[in-house]
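Scroll down for the structure; my scribbles are underneath it.
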Number of protein chains: 2
Amino acid sequence: MTSSTRDKMIAGAADLMSRGGVNATSMRDVVRHTATPRGSISHHFPDGKRQLIAEAVVFAGKQVSIPLEKAMSERGVIGGLRAFVASWRRRLEATGFEAGCPVLAVAVDRYVGEVSDKDDDTAQRHLLDLADGVFADWQQIMHTALLREGLAAERAERLATLVVASIEGTVAMCRASRSAAALDQVQEELETVLAAALARTAK
Amino acid sequence: MTSSTRDKMIAGAADLMSRGGVNATSMRDVVRHTATPRGSISHHFPDGKRQLIAEAVVFAGKQVSIPLEKAMSERGVIGGLRAFVASWRRRLEATGFEAGCPVLAVAVDRYVGEVSDKDDDTAQRHLLDLADGVFADWQQIMHTALLREGLAAERAERLATLVVASIEGTVAMCRASRSAAALDQVQEELETVLAAALARTAK
DNA sequence: TGACTAATATGACAATCGTCATATTTCAGG
DNA sequence: CCTGAAATATGACGATTGTCATATTAGTCA
């Protein structure tokens with residue numbers, strides 16, 4: 001059995017990263033926040049903090065993509081978008097606008113803590129590749145859902161990028177304003193755009 | 001004369017923040033990166049790092065809003081959008097996709113470095129208020145430009161939020177992918193949305 | 001039960017952080 | 001030139017960071 005301690009550390013790291021970014025999340029914070037033994041860090045994550053962050057990014061990616069894919073196939077593009085936005089709004093309001101997206105945090109922050117500049121660069125590139133993969137994953141789910149409803153491939157790709165990027169930006173802005181108003185506005189405009197794009201192919 | 005050292009520190013802090021976030025930007029990095037005297041930090045910024053970050057946010061906000069406002073009034077909404085996107089693309093490509101938006105970094109990161117949790121909360125809230133003010137400033141420039149071309153107030157507000165949020169998110173995603181492709185896609189869709197919204201009022 | 005590995009506990013290490021006290025330099029105004 | 005304030009230089013402080021070495025416990029299979 002893979003230790004539950006490991007999973008708790010990963011989930012806790014993702015949560016802390018979503019609240020304060022990569023460098024505001026210390027290993028001591030993770031064990032404090034998750035009530036896990038500090039002595040097990042190097043045992044479960046022999047590559048140290050960069051490994052924990054990397055696994056937290058992948059974890060956060062799946063945590064979003066799995067329900068997103070289900071909502072897209074069950075309720076269509078518009079319904080999937082609504083579920084996507086609703087999950088972010090729930091997270092924002094449940095935490096008093098303290099928690100955002102840990103993947104965006106990895107994309108924005110530079111990981112510090114390597115000894116040489118060479119290792120620092122490769123570690124940073126690895127984390128960025130993982131974040132990029134998560135974003136690409138979310139976009140592809142949106143992309144295939146749009147294709148399924150008849151959109152042209154290039155248009156579907158552009159719209160998928162717009163949806164993911166705008167919601168990522170909006171979530172961060174909502175944290176700054178401590179209000180979900182921006183999320184309401186963006187949701188409405190995205191629904192309008194998607195509905196118009198889908199209506200054009202349906203006629 | 002207000003010291004040029006002070007301005008260089010603020011600009012350098014904004015630059016480093018846009019590359020690695022708030023907590024990856026140390027005061028020693030700022031003086032190293034800007035070749036400014038380390039002994040002058042507490043002289044020019046008696047409130048320490050939080051003051052430097054705060055001034056860097058305001059600086060970065062004006063650095064964007066001033067040319068944005070000019071482009072909006074000279075070239076209209078579509079032209080202003082293109083100038084807005086182009087300036088971000090230039091920044092991304094000129095730095096090898098290392099530099100992003102320092103205001104987004106403040107919105108994503110939690111500032112650590114205060115002694116008490118009480119001071120930490122108020123300092124964090126202050127920085128978030130500044131970041132929120134910058135975003136609101138950019139949105140309002142877009143908002144008034146849309147009003148000037150005949151859009152209804154609520155629609156103009158929603159579109160302004162969509163534009164700022166989606167571009168902020170896209171810039172971060174472009175850093176992760178080390179490619180400006182997402183920026184191209186988002187720009188095209190935003191232009192389509194704005195053109196359609198403006199055409200409806202023009203008829 | 002005995003043995004062996006996984007898991008956790010504990011303390012220490014060097015490095016870096018923001019900040020501050022103190023000393024020195026720079027330089028405009030009398 | 002003199003003076004006083006602004007600006008810079010320098011070193012140190014305590015606190016925190018990631019990491020690791022060592023020791024102890026837990027748990028599982030023979």
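Lettering follows sequence order; numbering is per chain, from 1. Just so you know, these numbers come straight off a predicted model, no measurement behind them.
Note on G113(A): nothing from the nucleic acid sits closer than 4.0 angstrom, heavy atoms only.
Summarising the geometry, the separation between CE on M9(A) and P on dA7(C) is reported as 11 Å, rounded to the nearest angstrom. The nearest whole Å value for the distance from the CZ atom in R32(B) to the C1' atom in dG18(C) is 14 Å. In this entry the distance linking NE2 of H43(A) with P of dT22(D) reads 17 Å, nearest Å. One interatomic measurement links the two molecules: CG of L16(B) to P of dG18(C), which rounds to 11 Å at whole-angstrom precision. Atom CZ in F45(B) sits roughly 14 Å away from atom P in dG18(C) (whole-Å rounding). Protein atom CZ of R38(B) is 14 Å distant from nucleotide atom P of dA21(C), rounded to whole Å. Protein atom CD1 of I41(B) is 11 Å distant from nucleotide atom P of dC17(C), rounded to whole Å. In this structure, NZ of K8(A) is placed 13 Å from C1' of dT8(C), rounded to the nearest angstrom.
Distance from the side chain of M27(B) is smallest to dG18(C) among dT8(C), dA9(D), dG18(C). In the set dT19(C), dG18(D), dA9(C), dG18(D) carries the atom at the smallest distance from any side-chain atom of R28(A). Comparing dT19(C), dT17(D), dT8(D) against the side chain of S26(A) picks out dT17(D) as the nearest. Checking dG18(D), dA7(D), dT8(C) against every side-chain atom of K49(A), the shortest atom distance belongs to dG18(D). Considering only the side chain of S42(A), dC20(D) comes nearest among dG18(D), dC20(D), dA7(C).
Heavy-atom minimum distance, R75(B) versus A83(B): NH2-CB, 3.6 Å. Taking all atoms of both residues into account, the shortest heavy-atom contact from A13(A) to T25(A) is O-CG2, 4.3 Å. Closest approach of A14(A) and P102(A) over heavy atoms only: O-CB, 3.5 Å.
Results of the side chain to side chain contact (heavy atoms under 4.5 Å, CB included) test with V134(A) over V106(A), D129(A), V57(A) single out V57(A) as the only residue that passes. The side chain to side chain contact (heavy atoms under 4.5 Å, CB included) test with M17(A) singles out one residue from L104(A), V103(A), D109(A), I53(A), and that residue is I53(A).
Map T36(A) and D29(B) each onto its nearest nucleotide of DNA chain C; the residue landing nearer the 5' end is T36(A).
Close to dA6(C), at under 4.0 Å from its OP1 or OP2, lies no side-chain N or O of H44(A).
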